[in-house]
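Lettering of chains follows the sequences in order, A, B, ..., and the numbering in each one begins at 1.
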Amino acid sequence: MASAFNLLTAGGAKFDKNRFQRDFELFGGKKDRKGKGKASTKPTNLHNATTLPHSLDFFGDHPAAPSKPVQVEVESDSDSDASSSSSSSSVHIAPPTQKITLTGSDPLPKSLDTSLSSLTSLDSASTPSRGGETLLKALKTANINSLWGVQCAVGGCLLEGRDTICVAPTGSGKTLSYILPTLVKLGDPSRSLKETEEGKGVRALVLVPTHDLAIQIHGVVNAVTRGRSWRSLVLTKATEKAVCDSSPGPSRSKQNADGQPEEDVEDDEQSEDDEESTGSVDEFAQPKSGNPSGLGIDILIATPERLHHLVETSRISLASTRHIILDESDRLLSPDFLPQVEPILKGCTHQDVQKSFFSATMPSGVEEIAKKWIKDEGVRVVVGVKDSAVTTVDQSLLYTGSESGKLLALRNLISTGSLPYPSLIFVQSIERADELYKNLILEGIKVDVVHGGRGKSKRDEAIKNFRLGHVWMLVVTEVLARGMDFRGVKVVINYDFPQTVQSYIHRIGRTGRAGRPGKAITYFNVEDGPYLRTIANVLRSSGCPVPDYMLDMRKPTKDQKRNLAKAPIKRKAVGGGGRDVAREDGRKRKQMVEASKKRKVKLDE
DNA sequence: AAAAAAC
């Protein structure tokens with residue numbers, strides 16, 4: 001326990017002001033490009049274009065703002081970016097450093113050093129050529145000047161062509177850790193490769209559990225491929241056709257194991273009709289050669305369901321895909337998604353396809369599933385302590401007594417001005433999200449709500465406004481718990497108790513990113529009692545004080561399960577709910593307890 | 001039990 005604490009605190013406390021700044025720009029760039037009325041400045045000028053309101057300006061008003069660097073032991077030599085172009089920074093602040101553990105068959109890949117050039121200078125199988133040079137240039141434009149720990153380690157693995165499972169904390173830089181090496185391995189954009197086999201179809205596939213995360217990752221890709229002709233798309237209804245068109249002809253899918261040859265031909269005819277109706281080129285004029293335009297998609301970012309559908313109906317082939325990345329992979333390999341994800345993985349039939357799996361949490365049961373898809377030469381990268389919360393978040397638990405007590409507590413925070421913005425409020429259901437949203441409007445705050453029941457464009461809009469600072473508080477469901485990078489978020493409030501440890505870790509990981517401080521407050525009531533202990537253990541492992549009685553609380557037994565989802569926000573908690581023992585719940589609680597035990601056991605990893 | 005993810 002103590003060792004875990006030390007390990008964690010040794011890690012999270014370094015700062016890289018340059019890096020934060022460029023991260024902001026990175027995402028600002030995406031927003032601005034899409035912004036309607038916004039002055040369409042160059043993406044790099046975003047910081048100026050969308051000046052942060054004071055409340056969002058982390059470095060301006062936070063007491064812990066590193067006007068001088070936080071003093072932590074320096075063990076990395078990532079000082080190469082000290083002379084960055086960033087105006088307001090003569091101080092060098094190092095990125096978060098944590099212990100990184102690689103396991104796998106020998107020889108283990110050598111970690112890259114923190115300089116960007118280590119991405120392209122490697123004499124790996126890839127063709128360095130001009131691709132590397134222009135990538136470096138693009139990174140500098142995006143104000144990315146050095147690699148972080150996870151990016152060095154994962155970069156080494158992916159560049160060597162190894163399949164990889166990576167468990168790294170929230171906000172530690174996982175997205176870039178797979179995007180950058182993938183770009184290097186792809187070498188040149190499909191546009192420059194149109195005559196070659198390699199440039200066709202979906203060249204790299206990133207699979208994520210939510211639409212919103214897909215959009216965000218697309219923004220990252222855009223930011224690091226600025227000025228080049230890389231073709232990256234999010235698979236949506238709108239882009240579906242273009243994505244199918246990029247797929248090599250059906251002749252290819254015939255070679256696949258599960259292909260349905262006869263129907264392919266008919267599908268082809270069908271597609272052709274669709275083509276013409278949308279005024280596209282006659283891509284399928286030559287069915288057997290397929291996609292004569294030769295325009296592939298370099299990086300496709302997709303959610304499982306739509307892609308699964310396209311694969312199952314043979315409208316798209318992943319037979320030429322060389323890279324498949326599962327982000328939030330424990331979620332994607334959970335029973336909810338597995339039926340869709342498995343066929344997609346199966347569809348990647350190229351003999352050289354590289355598979356990689358990423359998450360901040362990785363229950364061992366799920367990791368076993370991931371391993372089944374990985375070659376013997378696979379590498380496991382663990383940054384810090386697996387399945388632990390980031391230590392940069394100040395976590396606390398707050399007893400609110402009753403349902404109405406929650407709203408009271410939140411209102412109190414707001415009215416006393418003690419709730420720093422921007423903040424993120426998690427609730428358990430769509431209904432409760434809408435209801436809390438309505439209540440908060442009455443408080444006169446700039447608030448919006450995001451959940452799966454809202455249209456995609458509304459979601460995009462709300463998230464954009466939140467990033468821009470036009471929205472101070474976002475009421476959300478689990479949909480935004482994972483992966484979303486709101487760099488400025490100061491507080492996460494778990495208005496409703498998270499249902500799993502994983503959920504808790506991901507939710508509070510929306511703040512305290514990249515070594516920055518953050519705060520997480522979790523409300524709980526009597527009915528959350530059984531689950532409290534598990535979460536309390538997480539707090540303690542990451543160094544946050546927890547009253548002893550919480551850890552002593554009895555293990556979850558057959559407590560009545562509150563139907564929280566249907567409980568109105570305003571109403572007082574109704575006593576005497578269902579008394580029945582929900583077997584499902586028992587099972588899940590056991591998993592939670594198991595997971596936390598395992599976490600403790602594996603502290604020395 | 002809810003959420004998410006296609007039509």
Side-chain angles (χ1 to χ4, degrees), chain A residues 205-217 234-241 243-244 270 274 300-316 326-344 359 425-436 449-456 458-460 463 475-484 494-500 502-504 506-507 527-528 530-531 556 558-569 577-589 591-592:
Chain A
L205 172 64
V206 178
L207 212 52
V208 291
T210 64
H211 163 82
D212 312 273
L213 185 51
I215 299 291
Q216 176 179 286
I217 292 169
V234 174
L235 179 60
T236 61
K237 189 175 184 177
T239 63
E240 195 179 275
K241 269 193 167 51
V243 172
C244 291
Q270 206 62 41
D274 291 350
L300 179 68
I301 304 146
T303 45
E305 206 160 358
R306 187 177 294 272
L307 182 58
H308 173 233
H309 184 244
L310 294 182
V311 169
E312 288 291 273
T313 56
S314 300
R315 292 185 61 202
I316 192 175
L326 271 66
D327 204 347
E328 307 300 342
S329 54
D330 57 334
R331 179 84 183 95
L332 290 175
L333 297 175
S334 75
D336 282 344
F337 281 107
L338 198 58
Q340 300 154 40
V341 170
E342 249 175 348
I344 292 171
S359 185
I425 320 284
F426 282 96
V427 295
Q428 197 51 47
S429 73
I430 291 175
E431 289 75 19
R432 287 173 62 80
D434 282 333
E435 202 165 347
L436 181 56
V449 59
V450 171
H451 55 64
R454 292 194 85 189
K456 299 278 198 289
K458 296 267 188 179
R459 277 157 69 170
D460 294 349
I463 288 170
V475 178
V476 302
T477 60
E478 203 65 17
V479 69
L480 291 198
R482 283 172 174 261
M484 298 307 294
N494 286 318
Y495 193 89
D496 291 336
F497 211 71
Q499 295 190 335
T500 62
Q502 287 79 21
S503 167
Y504 178 77
H506 285 276
R507 282 183 181 187
E527 60 266 26
D528 301 314
Y531 307 89
K558 41 175 125 180
D559 295 81
Q560 65 224 38
K561 174 65 181 178
R562 293 278 306 120
N563 194 350
L564 185 57
K566 284 187 181 147
I569 291 284
R579 279 248 151 171
D580 41 314
V581 186
R583 218 172 301 164
E584 274 292 294
D585 294 334
R587 193 175 58 82
K588 245 170 210 154
R589 282 198 296 265
Q591 284 174 359
M592 286 167 69

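- Across the protein-nucleic acid pair, Lys241(A) atom NZ and dA6(B) atom P stand 16 Å apart, rounded to whole Å.
- One atom, CG of Leu307(A), and another, C1' of dA4(B), lie 16 Å apart when rounded to the nearest Å.
- Formation of a donor-acceptor pair under 3.5 Å by the Gln340(A) side chain with backbone atoms of Glu305(A) is found in this model.
- Using a 4.0 Å heavy-atom distance criterion, Arg459(A) is classed as a sugar-phosphate-only contact.
- For Leu213(A) against Pro209(A), the heavy-atom pair with the smallest separation is CD2-CD, 4.2 Å.
- Straight-line distance from the CG atom of Leu338(A) to the P atom of dA3(B): 22 Å, rounded to whole Å.
- Between the CG atom of Asn494(A) and the P atom of dA3(B) there is a distance of 16 Å, rounded to whole Å.
- Contact annotation for His308(A): no contact, since no heavy-atom pair falls under 4.0 Å across all strands.
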Review point. Hey, mind stepping through Asp327(A) and Arg482(A) against salt bridge (Lys or Arg N to Asp or Glu O under 4.0 Å) and telling me if it holds?
Key: CA-CA 10 Å; Asp327(A) 204 347; Arg482(A) 283 172 174 261; over 6 Å; no
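- Following rounding to the nearest Å, Asp336(A) (CG) and dA6(B) (P) show an atom-to-atom distance of 14 Å.
- A donor-acceptor pair under 3.5 Å is formed between the side chain of Thr239(A) and the backbone N or O of Val234(A).
- Screening Asp434(A), Leu480(A), Val476(A) against His451(A) for a side chain to side chain contact (heavy atoms under 4.5 Å, CB included) leaves a single residue, Asp434(A).
- The distance from atom CG of Asp434(A) to atom P of dA2(B) is 16 Å, rounded to the nearest whole Å.
- Side-chain nitrogen and oxygen atoms of Ser429(A) include none within less than 4.0 Å of the OP1 or OP2 phosphate oxygen of dA1(B).
- Using a 4.0 Å heavy-atom cutoff across all strands shown, Ile430(A) reaches sugar-phosphate atoms only and no base atom.
- Distance, Leu332(A) CG to dA4(B) C1': 11 Å, rounded to whole Å.
- Dashed line: the shortest gap from a side-chain N or O of Thr477(A) to OP1 or OP2 of dA4(B) is under 4.0 Å.
- Using a 4.0 Å heavy-atom cutoff across all strands shown, Pro209(A) reaches sugar-phosphate atoms only and no base atom.
- If you check distances only, the side chain of Gln428(A) never reaches the base of dA3(B) with a donor-acceptor pair under 3.5 Å.
- Regarding Asp330(A), its CG atom lies at a distance of 17 Å from the P atom of dA4(B), rounded to whole Å.
- Picking from dA1(B), dA6(B), dA4(B) the nucleotide with the shortest atom distance to the side chain of Gln499(A) gives dA1(B).
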